[in-house]
Structure formats: structure tokens, C-alpha cells
Amino acid sequence: MKAIWNGTVIAESDDTLVVENNHYFPAESIKKEYFKPSNTHTTCPWKGQAHYYTLSVDGKENPDAAWFYPEVSELAKGIKGRVAFWRGVTVEK
């Protein structure tokens, strides 16, 4: 699977995990040069606290378009160490 934004592949892996219709990519599969930490955090009642990245590709930014859970509940242990996307990021084969 590939995560694409602004015409650029920002993550690629054959090992994604789908949870709530979102592909979670292994952290090592993201192209870190396109990711900047964000101060945004949200809480999911069953997964835990999400942290976000802002994407930066070719001079354009997509705030909080990627998220991950540094600590997860027992129910969500499969997504620990994985990153998911939204806000215009497409995921395709």
C-alpha cells in the first residue's frame, strides 16, 4: 500500500493494518522527511491519545494529516508503532 499526498508517496508498506477503515502503516515505512511533529492531540475512548504530524511536501503543508498512538490500550495494541492518514491523503495499492 502507498500513502500519497501532493503527488508524492509519503509512506509505503505491504504490512498495513486496517482499523476503522484507516490503513495504519508501520512507522519505519513513512518517509520522515515529509513529516513534522504537531502539538495536536486527541483522545479515542478505546485506543488512547493520538499524536499528529503535519505533512510538508514541495512547499505545501497539510496540518495534522497523519496520526499515531505512542501508547495504546490493550484493545488497540496492534496499532502501536503505526501511522494513519486523512485530510486528502490517498491510500492505494
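Residues take their numbers from the sequence shown, with the count starting at 1. Model, not experiment: these values are computed from the prediction.
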Can Tyr53 be reached from Ile4 by stepping across I, L, V, M, F, W or Y side chains whose heavy atoms are under 4.5 Å apart?
no
Exactly one candidate in Tyr52, Phe25, Tyr24 meets ring-ring contact (aromatic ring centres under 6.0 Å, His included) with Phe85; the answer is Phe25
*Indicate whether the side chain of Trp46 and that of Glu20 have a donor and an acceptor atom separated by less than 3.5 Å.*
yes
Here the gap from Lys93 atom NZ to Lys2 atom NZ, rounded to the nearest 0.5 Å, amounts to 13.0 Å
* Side chains of Asn6 and Asn62: does their closest heavy-atom pair fall under 4.5 Å? -> no
So CD of Glu61 and CH2 of Trp5: to nearest 0.5 Å the spacing works out to 8.0 Å
* Asked: So, His41 side chain and Asn39 main chain: donor-acceptor pair closer than 3.5 Å or not?
  -> yes
Salt bridge check: are Asp15 and Arg82 linked by an N-O gap of less than 4.0 Å?
yes
Run the side chain to side chain contact (heavy atoms under 4.5 Å, CB included) test on Ile79 and Val72 for me, step by step, so that the C-alpha distance in whole Å, both residues' side-chain angles and the decisive distance to 0.1 Å come before the verdict. CA-CA 8 Å; Ile79 62 169; Val72 295; 4.1 Å; yes
Is there a chain of hydrophobic side chains (I, L, V, M, F, W, Y, each step under 4.5 Å between heavy atoms) that links Tyr69 to Val19?
yes
With sequence neighbours left out, the residues meeting salt bridge (charged side-chain N to carboxylate O under 4.0 Å, His left out) with Lys60 are none
Do you reckon Val83 sits in the same ILVMFWY cluster as Val89, going by side-chain contacts under 4.5 Å, direct or chained?
-> yes
If you count the non-hydrogen atoms of other residues, nucleotides and ligands that lie under 6.0 Å from CD in Glu71, is the total more than 12?
no
In this structure, CG of Leu17 is separated from NZ of Lys80 (nearest 0.5 Å) by 14.5 Å
Q.
A side-chain contact here means heavy atoms from C-beta on lying under 4.5 Å apart; do Phe35 and Ile30 qualify?
A. yes
When rounded to the nearest 0.5 Å, the distance separating OG of Ser38 from CH2 of Trp67 is 13.5 Å
CD of Gln49 to SG of Cys44, rounded to nearest 0.5 Å, is 11.5 Å
The reported gap from OG in Ser29 to CG in Asp14 (rounded to nearest 0.5 angstrom) is 10.0 Å
Assess the residue pair Arg87 and Asp64 against the criterion (side chain to side chain contact (heavy atoms under 4.5 Å, CB included)); give the C-alpha distance rounded to whole Å, side-chain angles, the decisive distance to 0.1 Å, and a yes or no.
CA-CA 8 Å; Arg87 294 196 171 160; Asp64 303 332; 3.4 Å; yes
